[in-house]
Amino acid sequence: MSSIETQQELCKFFILVVNGMRRLEKCLEFIQEITDNKYIPPFFKNSVCRIEQLQVYLQSYGIDTQIYELKDLIGRLGGFEDRLLFSQFQDRYLRQSGNIEKKEAEISFLRLLYEEIQLERQLDDQRVRIFKRWDYNLDILYNKLSSGSNSVDFNKMKKFFVRIRQNLIDEEIKILLKRVGNGDGTIMSLDDFRQALKTQKQRAMDKIQIPMMKTSIVFNKQINNTSYMDRLRRRYKPLQTTQSFIQKDGCQTPRAKTPTPCHNTELKQTRTKTPNQLTEQKVYINESKEINTLMSIYLNQQRCLQNVLMQLDEVTLLKSLNSIDWHKEWQTFSVNSQGITYEHFINILTYYDQRKPFKDKINIIDLPTSALTVADNLFQLLRDQENQLQKSRLQYSKQDQINSLDKYFVKGYMDVLDILQILQKCTITNVSLQDAELIIARFNQFNGNKQITKEVFLNTIT
């Protein structure tokens with residue numbers, strides 16, 4: 001008999017599915033509004049997308065993938081095994097007519113691919129947690145869901161969440177059944193459940209075709225006469241996360257989710273230009289030159305650090321340091337560590353250099369002269385970079401840009417793709433997701449968070 005802990009792990013799996021599907025829904029809804037059936041995403045060549053092409057395309061943005069992940073991804077996009085035909089993709093994702101916003105379309109399709117990959121990776125981790133439970137038994141777990149019958153419908157799924165003390169709204173349960181059920185959001189059979197709990201590696205070996213309706217939801221909205229910017233302004237409002245549900249203008253929005261559409265908002269004046277927008281959730285009106293400048297400084301600094309560290313063999317020694325009285329120990333050797341803490345220094349070396357430290361810790365007193373010289377130079381470089389950032393922060397504050405941040409934090413935070421878009425606008429050089437990830441790490445003081453919240457951003461620049 002499956003314990004309550006195993007059922008709770010299954011519940012976590014279902015909640016991950018719901019959260020991921022909500023992000024995919026918004027992305028797909030936006031794609032349907034800015035494309036038509038003539039637009040061909042750049043990962044297609046001669047109307048075909050093969051695994052190798054898709055892998056190269058994702059790598060160009062710094063997204064590394066495994067072959068089994070790409071097989072699964074292509075299956076979810078409507079293809080089979082190692083290829084996806086544009087005709088299959090066209091019917092599912094692109095509307096029949098309308099104006100094309102190519103810049104926004106490409107980055108939105110990139111977000112679609114990225115979100116699918118990230119979701120399945122999270123689900124794989126949770127699947128492994130379920131498998132490792134000592135009392136895991138797929139048939140017994142399914143029996144808990146189906147109450148002994150041969151299928152799980154909406155009501156049975158709702159009863160499961162009530163029993164496990166999780167409050168999911170009806171819409172979320174329907175979304176869940178569309179991903180893990182038969183595709184139409186009504187029932188989940190034992191075979192559906194078995195496939196849902198298989199990892200991507202297992203599904204890649206099975207060589208089965210994922211039914212099209214089991215992938216992300218497709219929106220078929222009627223074309224209206226409102227402008228591109230009007231639709232965005234009407235749909236997206238700033239997040240409020242202080243209460244479980246927000247009631248405003250007829251909208252009911254779950255906490256920490258993207259607001260749902262409101263149709264009673266007055267139409268705004270039509271814009272002739274499209275916004276600089278990364279995803280369906282952003283409206284970057286009147287881009288801030290100051291924030292672009294700030295981000296370009298962060299980008300230049302991290303590339304400088306990467307280039308410097310790459311050329312220094314002593315970095316491995318410094319990453320292995322052990323210290324009790326950090327500043328006093330450096331001062332003994334006339335090394336100026338002022339303004340640089342032990343934690344910050346080790347984090348910088350760890351995040352900007354891929355070489356692994358030694359297993360045994362090294363004391364500062366045991367460092368060779370060359371390592372002491374390198375450390376002194378690195379401390380000075382980090383202080384110079386901090387002074388440069390401080391000047392940029394002061395300039396940003398003088399320009400009274402603090403109140404203009406809402407347009408960047410519509411979701412309540414900026415993630416790696418949001419930062420990537422800003423970097424693409426503030427530099428003529430090629431940028432990757434790794435660049436964006438390092439900037440997020442710097443803003444968060446290397447605490448492991450993958451997003452920059454408005455509060456963190458303000459604390460950093462003020």
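Only heavy atoms go into these numbers, but all of them, side chains included; no hydrogens, no water, no symmetry mates.
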Can you confirm whether the side chains of Arg129 and Gln126 place a donor and an acceptor under 3.5 Å from each other? yes

Over all atoms of both residues, closest heavy-atom pair of Pro41 and Phe89: CG-CE2, 3.6 Å

Would you please classify the geometry between the Tyr352 ring and the Phe446 ring as parallel, tilted or perpendicular, with 30° and 60° separating the classes? perpendicular

Can you list the steps and then say if Arg442 with Ile348 is a side-chain contact (heavy atoms from CB on, under 4.5 Å)? CA-CA 9 Å; Arg442 283 288 298 276; Ile348 286 286; 4.1 Å; yes

Are Ile297 and Asn300 close enough that some pair of their side-chain heavy atoms sits under 4.5 Å apart? no

Does any non-hydrogen side-chain atom of Phe14 lie less than 4.5 Å from one of Leu168? no

Less than 4.5 Å apart, any side-chain heavy atom of Leu77 and any of Leu113? yes

Do Leu420 and Leu433 touch side chain to side chain, with heavy atoms closer than 4.5 Å? yes

In this structure, which one of Tyr413, Tyr408, Phe443 forms a ring-ring contact (aromatic ring centres under 6.0 Å, His included) with Phe457? Phe443

With side-chain contact (heavy atoms from CB on, under 4.5 Å) as the criterion, how do Asp139 and Leu190 come out once you've worked through the C-alpha distance, each side chain's angles and the decisive distance to 0.1 Å? CA-CA 8 Å; Asp139 293 323; Leu190 176 59; 4.0 Å; yes

Between Ser151 and Ser146, which heavy-atom pair has the shortest distance, and what is it? O-CB, 3.5 Å

Name every donor-acceptor pair, under 3.5 Å, that has one atom in a side chain of residues 43-59 and the other anywhere in the protein, sequence neighbours excluded.
residue	atom	partner	partner atom	Å
Gln53	NE2	Phe43	O	3.4
Gln53	NE2	Val48	O	2.9
Gln55	NE2	Thr65	O	3.1

With sequence neighbours left out, what residues match Arg133 under side-chain contact (heavy atoms from CB on, under 4.5 Å)? Ser3, Glu5, Thr6, Glu9, Asp135, Tyr136

Is there a donor-acceptor pair closer than 3.5 Å between any side-chain N or O of Asp435 and the backbone N or O of Ser432? yes

If you look at every heavy atom in Arg111 and Asp418, which pair is closest and at what distance? NH2-OD1, 3.2 Å

Could you tell me if the side chain of Val17 sits less than 4.5 Å from the side chain of Leu123, heavy atoms only? yes

Using side chain to side chain contact (heavy atoms under 4.5 Å, CB included) as the criterion, point out the one residue from Arg203, Gln202, Lys198 that pairs with Gln200. Arg203

Is the CD atom of Glu455 crowded by more than 12 outside heavy atoms at less than 6.0 Å? no

Check Leu299 against Leu423 and note the closest heavy-atom contact, atom names and distance. CB-CD2, 4.2 Å

Can you see which heavy atom on Val416 is nearest to which on Ala436, and at what distance? O-CB, 3.4 Å

Is a side-chain donor-acceptor pair under 3.5 Å present for Asp192 with Ser189? yes

If you define the side chain from C-beta out and look only at heavy atoms, does anything of Thr186 sit under 4.5 Å from Leu177? no

Is there a side-chain contact between Leu145 and Phe193, using heavy atoms and a 4.5 Å cut-off? yes

Looking only at heavy atoms, which two atoms of Ile440 and Asp415 are closest? And how far apart? CD1-C, 3.8 Å

Should Ser147 and Lys159 count as side-chain neighbours, where that means a heavy-atom distance under 4.5 Å? no

